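Everything numeric in this text was worked out from a predicted model, so none of it was measured. The chain is numbered in sequence order, starting from 1.
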Amino acid sequence: MGWNILTFLLPAALGVLLVSAGIQDIRMREISNAKNAAIALMAPLWWVSIGLEPWPGMAIQLGVALIVFALFIGAFALGQMGGGDVKLIGALSLWLTPLKLLDMLTAMAIAGGVLTLLFLIDRRWHRREGPVEVPYGVAIAVAGLLALREPLLNQFTQ
C-alpha cells in the first residue's frame, strides 16, 4: 500500500465522526443518520486509497458488512440496541478487514459491558427507577477508534 493523503485524511475524518457520534449518543441517546451515512459513503474512497481490488477485496468488505448489519438488526428487533447503533456498526464494518472487525466487535462488547455496568451502578446509587438506557454508541466509537489506530499510526513507519 502506497502512502497518499487520503490514507491519512479518511481515517482521521472517520475518527472525528466516531467521536461526534459518541458525544451525540451521550447527549441525545441517538446517532444521526447523516453521520452514519457519511461513514458508510467514505468507505469506498478508503478502499480505493488503500488499493483494494474490486474483486474479491471490495466484494468481501461489502459482504461482511452486510452480514454484520443483518445480525445487529436482530438485536434491534429484540429491543436490545437502537437503530443508530446498528447503522453505526454496519457503516464502521465497511472500513475494517474481517479480522480487524472481529477485534473491533470484541472491544465493543467489552466497552459496552463496562458502560452498562457503570450505568447500572449509577442508577442504583441515585435510586432511579425504570430501564437503563445505555448510550452504546460510545462503546462502538471507542472500539472503532481502537481499530483505527493502525491505519492512522502505521502511515509513519513505512
Side-chain angles (χ1 to χ4, degrees), residues 7-47 49-50 52 57-125 128 130-155:
T7 58
F8 179 77
L9 290 180
L10 288 170
L14 175 59
V16 169
L17 285 167
L18 287 173
V19 169
S20 176
I23 292 169
Q24 182 180 21
D25 202 21
I26 289 170
R27 289 183 175 170
M28 303 172 68
R29 294 300 193 268
E30 70 178 35
I31 301 168
S32 76
N33 286 334
K35 285 183 179 100
N36 287 327
I39 291 169
L41 292 172
M42 287 189 318
L45 296 173
W46 169 247
W47 300 342
S49 77
I50 62 170
L52 198 60
M58 292 180 190
I60 289 171
Q61 287 296 123
L62 186 58
V64 169
L66 287 172
I67 290 168
V68 168
F69 184 65
L71 290 172
F72 281 94
I73 284 176
F76 172 75
L78 294 171
Q80 302 300 306
M81 288 189 105
D85 299 332
V86 171
K87 289 179 262 187
L88 182 58
I89 293 167
L92 187 54
S93 296
L94 291 166
W95 285 77
L96 305 171
T97 65
L99 289 176
K100 277 289 183 192
L101 179 59
L102 286 175
D103 290 345
M104 188 278 295
L105 292 173
T106 302
M108 179 189 79
I110 293 168
V114 169
L115 193 61
T116 300
L117 184 60
L118 291 173
F119 271 74
L120 285 170
I121 291 169
D122 180 68
R123 183 181 87 173
R124 181 161 217 140
W125 183 269
R128 293 187 184 122
V132 176
E133 284 190 40
V134 179
Y136 212 81
V138 173
I140 300 164
V142 167
L145 290 169
L146 288 172
L148 280 181
R149 74 183 184 274
E150 180 147 346
L152 281 176
L153 299 178
N154 284 351
Q155 295 302 319

- Take Asp103 and Leu96, measure what side chain to side chain contact (heavy atoms under 4.5 Å, CB included) needs, and give me the verdict at the end. CA-CA 10 Å; Asp103 290 345; Leu96 305 171; over 6 Å; no

- Decide yes or no on side chain to side chain contact (heavy atoms under 4.5 Å, CB included) for Val64 and Thr97, but give the supporting numbers first. CA-CA 9 Å; Val64 169; Thr97 65; over 6 Å; no

- Derivation of the side chain to side chain contact (heavy atoms under 4.5 Å, CB included) call for Tyr136 and Met108: CA-CA 9 Å; Tyr136 212 81; Met108 179 189 79; 3.7 Å; yes

- Item | Verdict with supporting geometry, Leu115 and Val142, side chain to side chain contact (heavy atoms under 4.5 Å, CB included) | CA-CA 11 Å; Leu115 193 61; Val142 167; over 6 Å; no

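Heavy-atom minimum distance, Leu10 versus Ser49: CD1-OG, 4.2 Å. Pairing each heavy atom of Asp85 with each of Gly137, the nearest pair is OD1-N, 3.3 Å. When all heavy atoms of Ile39 and Ala91 are compared, the pair lying nearest together is CG2-CB, 3.6 Å. Taking all atoms of both residues into account, the shortest heavy-atom contact from Gln24 to Glu30 is CG-O, 3.2 Å. Across Leu52 and Met58, no two heavy atoms sit closer than the pair O-CE, 3.2 Å. Here the shortest heavy-atom pairing between Ala38 and Leu17 reads CB-CD1, 3.9 Å.
Counting heavy atoms from C-beta outward, Leu18 and Leu148 have side chains that approach closer than 4.5 Å. Taking 4.5 Å as the limit, every side-chain heavy atom of Leu94 sits out of range of all side-chain heavy atoms of Met42. Proximity of Leu105 to Ile89: side-chain heavy atoms (C-beta onward) are separated by under 4.5 Å at one or more points. Contact check for Gln61 versus Pro98: side-chain heavy atoms found under the 4.5 Å cut-off. With a 4.5 Å cut-off on side-chain heavy atoms, Val132 and Thr116 do not count as touching.
Here the rule is side chain to side chain contact (heavy atoms under 4.5 Å, CB included) with Val86, and of Ile73, Ile31, Leu71, Ile140 only Ile73 fits it.
Here the OG1 atom belonging to Thr106 is positioned 9.0 Å from the CG atom belonging to Leu101, to the nearest 0.5 angstrom. Rounded to the nearest 0.5 Å, atoms NZ (Lys87) and CZ (Phe72) are 15.5 Å apart. In this structure, the separation between CG on Leu62 and CD1 on Ile67 is 10.0 Å, given to the nearest 0.5 Å.
Counted within 6.0 Å of CG on Leu78, heavy atoms from surrounding residues, nucleotides or ligands total more than 12; the atom is thus considered enclosed. By the neighbour-count criterion of 12 heavy atoms within 6.0 Å, atom CZ of Arg27 is sparsely surrounded, having that number or fewer from other residues, nucleotides or ligands. Within a 6.0 Å sphere centred on CZ of Phe76, other residues, nucleotides and ligands contribute 12 heavy atoms or fewer.
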